[in-house]
2 protein chains.
Amino acid sequence: MNPVIEEQLKQAGLKITRQRTAILSLLIEGDVHLSAEQIYFALKTKGEAFGLATVYRTLTLLEQAGILAKTEIPGSGRQSYFYTAGGHRHQLLCTGCGRIILLKSCPAEAFLKAVEEEYDFAVTGHSFEIFGLCPDCRKKAGQEERHVH
Amino acid sequence: MNPVIEEQLKQAGLKITRQRTAILSLLIEGDVHLSAEQIYFALKTKGEAFGLATVYRTLTLLEQAGILAKTEIPGSGRQSYFYTAGGHRHQLLCTGCGRIILLKSCPAEAFLKAVEEEYDFAVTGHSFEIFGLCPDCRKKAGQEERHVH
DNA sequence: ATTGTAAATGATAATCATTCTCATTAAGGA
DNA sequence: TCCTTAATGAGAATGATTATCATTTACAAT
């Protein structure tokens with residue numbers, strides 16, 4: 001079992017339960033963003049059926065602890081959660097397969113500092129999400145397009 | 001009446017109705033981000049009571065036309081809409097009074113181009129929202145803090 | 001101006017993601 | 001192993017948003 005998972009839960013002062021471990025594991029090892037419902041059914045398929053309420057509770061808890069982040073994938077009408085890899089909050093979110101790709105650099109930080117001064121604005125939070133297709137899905141989309149023609 | 005409002009609706013191929021005009025006017029002239037419910041009650045107070053469903057419909061329509069953008073103000077649990085001033089999608093959103101402040105520069109564009117190439121990722125959309133307190137609210141918050149001590 | 005027609009609106013019911021409740025179960029320190 | 005407290009499960013409740021459909025309105029053509 002991935003030792004990162006227990007570590008993350010312990011650091012957040014959370015009890016280690018089967019449910020929390022399974023949910024975090026799914027997000028960390030899959031490298032994907034998933035909605036509560038997707039997680040619920042993924043676990044059910046694996047033979048680990050937890051209550052949907054527990055999934056929601058766990059996701060909210062892990063988000064508050066800074067372990068996960070959430071965002072609404074455009075057009076989905078629901079929230080998706082993903083692992084932030086130690087506070088790292090900037091990634092590419094594939095709307096095709098759900099993959100998330102960590103960005104090597106964080107462009108926002110320096111910019112936000114400049115904003116604070118230039119606009120006398122007390123920045124308390126920000127979101128910077130990039131949606132699109134990962135290399136694999138991009139390739140697939142290109143092939144399908146060719147089929148149509 | 002603000003000529004910008006009719007112009008925006010016409011350009012989007014939308015019929016000009018009392019309801020649409022009133023809703024857009026509220027957002028453009030107030031320079032604020034508002035939720036559907038806030039708009040509903042603001043109009044009711046003004047003596048212009050439209051159906052809540054119409055407010056939702058209009059907001060969705062204007063968002064699809066690119067005239068408005070929506071975002072979830074953290075912790076609010078609902079969507080807020082704001083005028084994008086001709087596709088301009090980057091602004092400061094005050095969580096105190098709702099004011100929105102247009103950014104003079106758009107830091108994301110150049111960065112996204114670089115992302116496309118470096119990660120072979122087909123960017124189809126992005127959100128970059130900055131939350132915080134505008135100069136006025138920042139001042140007020142500071143004063144209240146002093147009172148507490 | 002009047003009319004015709006498709007689109008917009010209003011009122012309310014329906015939907016559905018998310019949260020709450022509370023009885024039961026499990027985690028983990030003593 | 002026991003005890004205490006927190007976590008979970010199942011289903012009800014909530015509440016923001018969407019759908020329905022009868023009525024009204026915008027606006028192009030007459």
Side-chain angles (χ1 to χ4, degrees), chain A residues 1 5-26 33-44 46-65 67-81, chain B residues 1 5-26 33-44 46-65 67-81:
Chain A
M1 138 124 51
I5 294 166
E6 279 203 23
E7 203 177 307
Q8 291 272 22
L9 290 172
K10 270 187 191 156
Q11 276 188 11
L14 298 172
K15 284 189 184 168
I16 293 163
T17 66
R18 259 183 325 127
Q19 289 83 342
R20 290 171 182 174
T21 304
I23 291 170
L24 244 188
S25 164
L26 204 59
H33 57 84
L34 294 170
S35 68
E37 208 188 17
Q38 286 176 315
I39 290 171
Y40 175 74
F41 282 113
L43 292 175
K44 193 177 240 177
K46 273 192 171 181
E48 307 183 271
F50 304 137
L52 185 55
T54 300
V55 174
Y56 274 104
R57 262 190 303 239
T58 302
L59 290 173
T60 302
L61 212 60
L62 294 176
E63 190 211 349
Q64 284 168 353
I67 296 169
L68 301 180
K70 77 168 175 184
T71 190
E72 184 185 327
I73 302 297
S76 76
R78 70 192 63 185
Q79 301 296 130
S80 283
Y81 291 80
Chain B
M1 137 125 54
I5 294 167
E6 278 202 23
E7 203 177 305
Q8 291 272 21
L9 290 172
K10 269 187 191 155
Q11 277 189 8
L14 299 172
K15 286 190 182 168
I16 293 163
T17 67
R18 258 183 325 126
Q19 289 83 342
R20 289 171 181 174
T21 304
I23 290 169
L24 244 189
S25 163
L26 203 59
H33 57 84
L34 294 170
S35 69
E37 207 188 17
Q38 286 177 315
I39 290 172
Y40 175 73
F41 282 112
L43 292 175
K44 193 176 240 176
K46 272 190 172 182
E48 307 183 89
F50 304 137
L52 184 56
T54 299
V55 175
Y56 273 104
R57 261 189 304 241
T58 302
L59 291 172
T60 302
L61 213 60
L62 295 176
E63 190 210 348
Q64 284 168 352
I67 296 170
L68 300 181
K70 78 167 173 182
T71 190
E72 183 185 329
I73 303 298
S76 76
R78 67 189 67 184
Q79 301 295 129
S80 283
Y81 291 80

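In what follows, chains carry the letters A, B, and so on, assigned in the order in which the sequence lines appear, proteins first and then strands, with residues in each chain numbered from 1. None of the values given here were measured: they were computed from a predicted structure.
Residue B:Thr17 places none of its side-chain N or O atoms closer than 4.0 Å to OP1 or OP2 of D:dA26. Note on B:Arg20: a side-chain N or O is less than 4.0 Å away from OP1 or OP2 of C:dT9. A close approach under 4.0 Å does occur between a side-chain nitrogen or oxygen of B:Tyr56 and OP1 or OP2 of D:dT17. Checking the phosphate oxygens (OP1, OP2) of D:dG9, a side-chain nitrogen or oxygen of A:Gln19 falls inside 4.0 Å.
For the pair B:Leu52 CG and C:dT9 P, the interatomic distance rounds to 14 Å; values are reported in whole Å. Counting to the nearest Å, the C1' atom of D:dT18 and the NZ atom of B:Lys70 are 12 Å from each other. Atom-to-atom, CD of B:Gln64 to P of D:dT17 comes out at 15 Å; the value is rounded to the nearest Å. Nucleotide C:dT18 holds its P atom 11 Å from the CD1 atom of A:Ile39, rounded to whole Å. The NZ-P distance, from A:Lys10 to C:dG29, rounds to 9 Å in whole Å. One can place CG of B:Leu9 at 13 Å from P of D:dA26, the figure rounded to the nearest angstrom. Atom OH in A:Tyr40 sits about 11 Å away from atom C1' in D:dG11, given to the nearest Å. Atom pair B:Glu48:CD and C:dG10:C1' shows a separation of 16 Å (rounding to whole Å applied).
From B:Leu26, atom CG reaches atom OH of B:Tyr81 across 14.5 Å, with rounding to the nearest 0.5 Å. The structure places CD of B:Glu63 at 8.5 Å from CD of B:Gln79, a figure rounded to the nearest 0.5 Å.
Exactly one of A:Leu62, A:Thr54, A:Leu14 qualifies for a side-chain contact (heavy atoms from CB on, under 4.5 Å) with A:Arg20. That residue is A:Leu14. When A:Leu68, A:Leu24, A:Ile16 are each tested for a side-chain contact (heavy atoms from CB on, under 4.5 Å) with A:Gln8, only one passes: A:Leu24.
Minimum atom distance to the side chain of A:Gln79 is reached by C:dT18, of the listed C:dT9, D:dT8, C:dT18. Side-chain proximity of A:Lys15 to the nucleotides C:dC20, C:dA27, C:dA6 is greatest for C:dA27. Comparing atom distances between the B:Arg57 side chain and each of D:dA7, C:dG10, D:dT17 picks out C:dG10 as nearest. You'll find that the side chain of B:Thr54 is closest to C:dG10, out of D:dA6, C:dG10, C:dC20.
Comparing B:Ala49 and A:Ala53 by the nucleotide of DNA chain C that holds the closest heavy atom to each, the one mapping nearer the 5' end is B:Ala49. The nearest heavy atom of DNA chain D to B:Leu14 and to B:Glu37 marks one nucleotide each, and the one closer to the 5' end goes with B:Glu37. A residue-by-residue look at B:Arg78 and B:Ile16 shows that B:Arg78 has its nearest nucleotide of DNA chain D further toward the 5' end.
Between B:Ile73 and B:Ser80, the shortest heavy-atom distance links the atoms CG1-OG, 3.6 Å.
B:Arg18 comes within contact range of no nucleotide atom at all, as no heavy-atom separation falls under 4.0 Å.
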